[in-house]
Amino acid sequence: MKRIAIGILVASLFLVTAQTGAQEACDTTAIQTGIQAQLDLLAEEPVSALQAIFEQAIAGIYDCSDDAYIFSGSEGAQPVLGPLAISEGLHLITMTTEGSARVEGVAVDDCGKELDGVIHNFSSGQAIRGATNLVEAQSDCVVYLELSKITNPWTLTIDKLR
């Protein structure tokens with residue numbers, strides 16, 4: 001039963017990795033082969049095999065992500081978005097809404113100071129055409145975005161500058 005549950009978890013991680021995008025560095029066949037090799041070792045060395053599977057899946061998320069995220073919601077919603085794999089470099093975080101909103105980053109890894117704290121905080125009407133902040137991730141990292149003070153439908157996008 002454990003092997004089936006772990007297999008389902010690994011398959012879902014692979015699907016997330018495969019669906020996040022396709023860049024030159026993204027080799028889903030190699031990722032699948034590596035994960036399958038670890039699944040074959042699962043019965044003999046469960047802890048090291050699981051650790052290797054998670055490392056390969058996380059590396060695949062960074063390699064296959066095109067660093068473009070689009071989220072939307074309605075007023076009153078106070079969501080937490082993430083975990084989001086953000087690669088090193090400059091990113092544009094844009095929020096569009098007729099109402100007010102606050103977006104705060106909570107970095108799980110060391111993303112740098114720009115992604116760990118308030119990213120957006122504006123009053124009603126200030127982001128009708130979109131409020132954009134340029135932020136820099138100091139290294140590949142994982143971040144959560146906490147949204148609050150949402151008073152109207154909203155859209156949030158994250159685009160990496162190439």
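Side-chain N or O atoms of Lys160 include none that pairs as donor or acceptor with a backbone N or O of Ile86 at under 3.5 Å. No side-chain donor-acceptor contact under 3.5 Å links Glu45 to the backbone of Ala43. Under a 3.5 Å cut-off, the side chain of Asn133 and the backbone N or O of Ile93 do not form any donor-acceptor pair. In this structure, the side chain of Tyr69 engages the main chain of Ala85 through a donor-acceptor pair within 3.5 Å. One N or O on the side chain of Asp109 and one on the backbone of Val142 form a donor-acceptor pair closer than 3.5 Å. For Thr96 (side chain) and Trp154 (main-chain N/O), no donor-acceptor pair under 3.5 Å exists by modelled atom type. Checking side-chain atoms of Glu88 against main-chain N and O of Ala137 turns up no donor-acceptor pair under 3.5 Å. Looking at Thr97, its side chain does come within 3.5 Å of a backbone N or O of Pro153 through a donor-acceptor pair. Within the 3.5 Å criterion, the main-chain N or O of Lys149 finds a donor-acceptor partner in the side chain of Ser100.
By the rule that hydrophobic residues join a cluster once side-chain heavy atoms approach within less than 4.5 Å of another member, Val80 and Val108 end up as members of one cluster.
The structure places OH of Tyr144 at 10.5 Å from CD of Glu146, a figure rounded to the nearest 0.5 Å. Between atom CD of residue Gln138 and atom CG of residue Leu115 there is a gap of 9.0 Å, rounded to the nearest 0.5 Å. For the atom pair CD of Gln36 and CG of Asp40, the computed distance is 5.0 Å after rounding to the nearest 0.5 Å. Atom CG in Leu92 sits 8.0 Å away from atom CG in Leu90 (nearest 0.5 Å). Here NE2 of His91 is found 12.5 Å from OG1 of Thr157. Values are rounded to the nearest 0.5 Å. Considering CD of Gln51 and CD of Gln56, their distance stands at 11.0 Å, rounded to 0.5 Å.
Taking 4.5 Å as the limit, some side-chain heavy atom of Thr28 sits within range of a side-chain heavy atom of Cys26. Between Val106 and Val143 there is no side-chain heavy-atom pair separated by less than 4.5 Å. Looking at heavy atoms from C-beta onward, Leu156 lies in side-chain contact with Val103 at the 4.5 angstrom threshold. Residues Glu104 and Ile119 have side chains not in contact (no heavy-atom distance under 4.5 Å, counting atoms from C-beta outward). With contacts defined as side-chain heavy-atom distances shorter than 4.5 Å, the pair Met95/Thr155 does not qualify.
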Working for side-chain contact (heavy atoms from CB on, under 4.5 Å), residues Leu41 and Gln38: CA-CA 5 Å; Leu41 296 173; Gln38 295 305 318; 4.0 Å; yes

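Of all heavy-atom pairs spanning Ala127 and Phe122, the tightest one is CB-CE1, 3.4 Å. Scanning both residues, Gln78 and Ile150, for their nearest heavy atoms gives NE2-N, 3.7 Å.
The number of heavy atoms from other shown groups lying within 6.0 Å of CD1 (Ile70) does not exceed 12. Summarising the local packing, CD of Glu75 is surrounded by more than 12 heavy atoms from other residues, nucleotides or ligands at distances under 6.0 Å.
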